Q: 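Sending over a structure as structure tokens; questions will come in a sec.
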Number of protein chains: 2
Amino acid sequence: MVRLLPLAPGKYIRNVLELKRSAPANELKLKKKILIHDIAKHLDVSIATVSLVLNGKAKEKRISDVLAEKVLKYVEEVGYKPNQLAKSLRTGKTHVIGLVVEDIANPFFATVAGLIEKKILARGYRIIYCSTNDDTAKTRDLLTMFQERHVDGYILALPDGVETDVRALVRSGKPLVLFDRELAGVLANAVVVDGAQGMYEATQHLLNQGFTSVGMVTLQAGQAQMQARLQGYAQAMQELHLPELVLEIAFQQEREQIIAQIQAFCQANPECNALLFATNYLGVYGLEALSRLGRRIPEHMAIVSFDDHDLFRLYSPTITVVAQPLEAMAESIISTLLKALEGPVETGRSTQLQLAPQLIVRESSIRVPEKTRPKTSRTKA
Amino acid sequence: MVRLLPLAPGKYIRNVLELKRSAPANELKLKKKILIHDIAKHLDVSIATVSLVLNGKAKEKRISDVLAEKVLKYVEEVGYKPNQLAKSLRTGKTHVIGLVVEDIANPFFATVAGLIEKKILARGYRIIYCSTNDDTAKTRDLLTMFQERHVDGYILALPDGVETDVRALVRSGKPLVLFDRELAGVLANAVVVDGAQGMYEATQHLLNQGFTSVGMVTLQAGQAQMQARLQGYAQAMQELHLPELVLEIAFQQEREQIIAQIQAFCQANPECNALLFATNYLGVYGLEALSRLGRRIPEHMAIVSFDDHDLFRLYSPTITVVAQPLEAMAESIISTLLKALEGPVETGRSTQLQLAPQLIVRESSIRVPEKTRPKTSRTKA
DNA sequence: AAAGTTTGCTTAAACATTTTAGCATATTTG
DNA sequence: CAAATATGCTAAAATGTTTAAGCAAACTTT
């Protein structure tokens with residue numbers, strides 16, 4: 001390695017050393033990574049000058065236009081790219097966003113991840129992701145991992161139980177946006193969908209269609225967004241003094257168990273002629289359960305599910321859903337995060353956004369007039 | 001900011017400064033990040049010693065067990081974590097893997113991404129992802145971005161047109177695994193699925209079921225894996241001297257256009273009573289097309305699609321697929337990559353793996369005996 | 001003409017670590 | 001008993017940037 005010895009202030013014995021290297025270096029030229037130092041040496045200016053020009057501080061630091069131009073030209077010519085690691089070490093900024101979701105393979109989160117990536121790439125940010133699988137301990141590990149990696153900001157859909165960790169993160173001043181779920185007692189930027197409103201509208205829609213006995217299938221979990229969905233349904237029912245019919249599925253169960261419970265619920269409540277599902281997965285299982293019971297949709301049972309899904313668009317009949325506005329969510333998440341990233345460190349201030357979901361009415365919730373119903377015999381009484 | 005002034009070699013005026021700070025620092029203590037320097041200072045050993053112990057080189061570098069123990073204990077006690085950026089800068093390793101896929105929101109890639117994450121997390125690697133959207137220029141940018149970020153390895157499903165870039169990457173010695181698609185003329189580690197075999201079996205299955213006229217819907221793209229799928233079908237047909245019926249869909253078309261083309265194809269070939277689809281999306285569009293034509297599956301038209309999908313498992317009837325072994329793919333990708341990451345730089349050697357897909361026979365490809373067929377009137381002659 | 005200001009750049013510290021080379025001291029060997 | 005070797009640790013270089021502070025020279029003001 002060639003070492004530069006200071007001789008007189010600002011002058012180095014560059015030329016001599018350069019000659020010594022130039023002969024055998026030719027073949028290795030491709031391998032040798034070019035440094036800011038090499039740029040400076042070649043142009044006979046200081047490293048600082050090159051750095052300032054490259055970081056757009058030429059004007060501010062009064063580097064002459066002609067020199068700035070020369071630097072940029074040479075940098076372009078040799079294709080120099082600053083080492084991001086060194087840069088990050090010095091500046092503390094990595095331009096990496098940490099994305100933590102329940103499961104990246106879940107279509108909802110995968111879609112949001114795709115949209116976020118698309119929107120944030122142009123701003124020079126990259127995304128590093130991890131899935132929590134709703135495991136509190138794992139989530140806690142993930143959050144510290146992200147801290148260790150010095151991510152600039154966080155986009156988080158977290159399970160219960162990490163409130164303290166997130167509160168600490170917020171206090172530390174790191175830009176952060178919660179989405180899909182808020183955390184109880186944590187004041188932070190958040191982008192969520194108004195599940196209560198969505199389910200309220202869905203229930204009213206079913207009642208308006210003349211389905212008299214509407215039930216709801218939800219998860220037992222205490223997650224806030226789940227409770228809101230249940231509450232929207234309950235309110236619509238109470239307004240008409242109708243009895244609520246709720247099936248709460250315990251967490252962490254197998255597919256078959258869930259389907260069996262839905263089947264049992266339907267059989268135990270024969271009067272029930274419409275069902276709401278609180279998540280797309282419950283909806284999917286519900287379809288399977290009804291299919292096994294031989295009940296036709298919507299003749300025997302009308303269906304509305306929260307969250308859209310490929311299957312719902314293409315199933316026969318197509319399934320009515322309360323769709324989350326994915327595009328708008330991604331947009332809100334990004335703009336909130338960028339504001340926090342680029343804006344001043346306005347600690348204490350946080351933005352809570354509640355987006356309206358959209359009821360997409362499809363075939364599964366439309367009442368079929370008696371006369372046009374097919375005369376297929378009912379499989380179950 | 002407190003500055004440390006060198007006094008004698010290796011000794012700093014620590015104590016004085018420490019006293020000056022200790023009074024008002026209490027509240028800020030949480031903010032002040034602890035450094036390796038602080039550990040060394042407290043134990044009155046050198047930074048080097050602490051570093052060696054932490055990196056498991058205590059034995060090798062003959063640090064006494066008692067001291068090593070002391071260091072580990074104190075590090076644990078104060079919860080010191082080395083700064084990854086500084087570490088990466090020095091070692092050149094980031095423990096980050098770059099994942100480049102066509103679209104992270106596509107269930108196939110999202111699932112693979114989820115499996116890869118799960119398997120690699122325990123090894124201390126993180127994943128940073130980007131979607132190409134099959135755009136050559138964007139892909140090229142992504143690859144250089146990943147290089148700039150010094151990812152340790154690459155997992156790539158790339159569009160055509162970046163062969164030169166990938167070849168350069170391979171030559172540079174960076175660990176890399178291609179998956180889903182190989183690249184023409186690029187010798188690199190690769191994990192792909194034998195589409196020819198899969199489609200050959202699927203075609204034979206349909207012929208065995210008595211479907212006499214089997215057609216195939218594929219993409220016009222010249223991608224190798226697409227050609228293989230087509231070829232598998234063609235071979236099965238040729239072996240029985242049956243005419244091939246192929247619909248090639250041009251790339252980058254809208255959903256509705258594709259559906260219309262499939263509809264037209266079906267009408268133009270009324271004798272065709274079984275269809276193969278080369279990707280899950282084509283299969284999904286095919287279902288829509290058949291549904292619009294009022295053709296029943298499998299009575300009027302049997303269906304097999306490449307690639308499994310939620311929809312195919314739950315559609316009525318359930319759809320027979322040639323499923324890619326996702327779990328095995330992820331496993332192979334990871335083990336190949338880890339071998340390259342951790343093993344010696346055996347340049348020139350590369351592993352090509354071709355996994356067998358699995359034909360999952362469901363209802364859509366089973367011939368229904370004439371007598372048990374429903375007597376529903378055919379919508380089209 | 002001396003003092004002050006502006007201009008255009010440089011010096012060197014800082015970021016936080018890893019790792020090579022080497023230095024005393026203690027022990028073993030010839 | 002001198003020389004060689006082993007032991008246990010440390011100093012300092014290296015990684016590649018950014019940026020605060022500062023220094024001459026040129027220009028402007030009094």
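Below, chains carry the letters A, B, ... as their sequence lines are ordered, and counting in each starts from 1. Fair warning: this is a prediction, and the values are worked out from it, not measured in the lab.
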Q: Report the nucleotide, chosen from D/dT10, D/dT17, C/dA16, that has the shortest atom-to-atom distance to any side-chain atom of B/V45.
A: D/dT10
Q: Please check: side-chain N/O of A/S172 versus main-chain N/O of A/L169, any donor-acceptor pairing under 3.5 Å?
A: yes
Q: Whole angstroms only, please: what is the NE2-C1' distance between B/H95 and C/dT17?
A: 14 Å
Q: Which of these nucleotides, C/dC9, D/dT18, D/dG16, is closest to any side-chain atom of A/I63?
A: C/dC9
Q: By the 4.0 Å heavy-atom rule, please label B/L89 as base, sugar-phosphate, or nothing.
A: base
Q: Nearest whole Å is fine: how far is C/dT18 P from B/K93 NZ?
A: 15 Å
Q: Less than 4.5 Å apart, side chain to side chain, heavy atoms only: is that true for B/I128 and B/F146?
A: yes
Q: Please determine, for the side chain of A/L52, which listed nucleotide (C/dT18, D/dA12, D/dT19) has the closest atom?
A: D/dT19
Q: Between D/dT18, C/dT17, C/dT10, which one does the side chain of A/I36 approach most closely?
A: D/dT18
Q: I'd like to know if the side chain of A/S131 reaches the main chain of A/I104, judged simply by a donor and an acceptor atom lying under 3.5 Å from each other, with no hydrogens or angles considered.
A: yes
Q: Parallel, tilted or perpendicular, judged at 30° and 60°: which one describes the rings of B/F179 and B/F109?
A: perpendicular
Q: Look at B/Y80 and C/dT17 and indicate whether a side-chain polar atom (N or O) is within less than 4.0 Å of OP1 or OP2.
A: yes
Q: With a cut-off of less than 4.0 Å, is there a side-chain N or O of B/K57 near OP1 or OP2 of C/dT19?
A: yes
Q: Nearest to the side chain of B/L35, heavy atoms from C-beta on, is which of C/dT19, C/dT17, D/dT18?
A: C/dT17
Q: If I take atom CD1 in residue B/I47 and atom P in nucleotide C/dT19, what distance separates them, rounded to the nearest angstrom?
A: 15 Å
Q: So, is A/S64 near the phosphate of C/dG8, with a side-chain N or O under 4.0 Å from OP1 or OP2?
A: no
Q: Once you round it to whole Å, what is the distance between C1' of C/dT17 and CG of A/L85?
A: 12 Å
Q: Measure from CG on A/D65 to P on C/dG8 and round the result to the nearest Å.
A: 9 Å
Q: Taking only side-chain N and O atoms of B/N55, does any of them lie within less than 4.0 angstrom of OP1 or OP2 on C/dT18?
A: yes
Q: How about B/T136 and B/V162: do any of their side-chain heavy atoms sit closer than 4.5 Å?
A: yes
Q: Consider the side chain of B/R62, meaning its heavy atoms from C-beta on, and name the nucleotide among D/dT7, D/dT18, D/dT10 that approaches it most closely.
A: D/dT7
Q: Starting at atom CG of A/L54, determine the distance to atom P of C/dC9, rounded to an integer number of angstrom.
A: 15 Å
Q: Send over the distance from B/H37 NE2 to D/dA12 C1', rounded to a whole Å.
A: 14 Å
Q: Any base atoms under 4.0 Å from A/T91, or only sugar-phosphate, or nothing? Heavy atoms, all strands.
A: sugar-phosphate
Q: Under 4.0 angstrom, heavy atoms only, what part of the nucleic acid is B/T49 near: base, sugar-phosphate, or nothing?
A: base
Q: Return the minimal non-hydrogen interatomic distance between B/R149 and A/V96, and the atom names on each side.
A: NH1-CG2, 3.4 Å
Q: In whole angstrom, give the distance that lies between atom NZ of A/K87 and atom C1' of C/dA16.
A: 19 Å
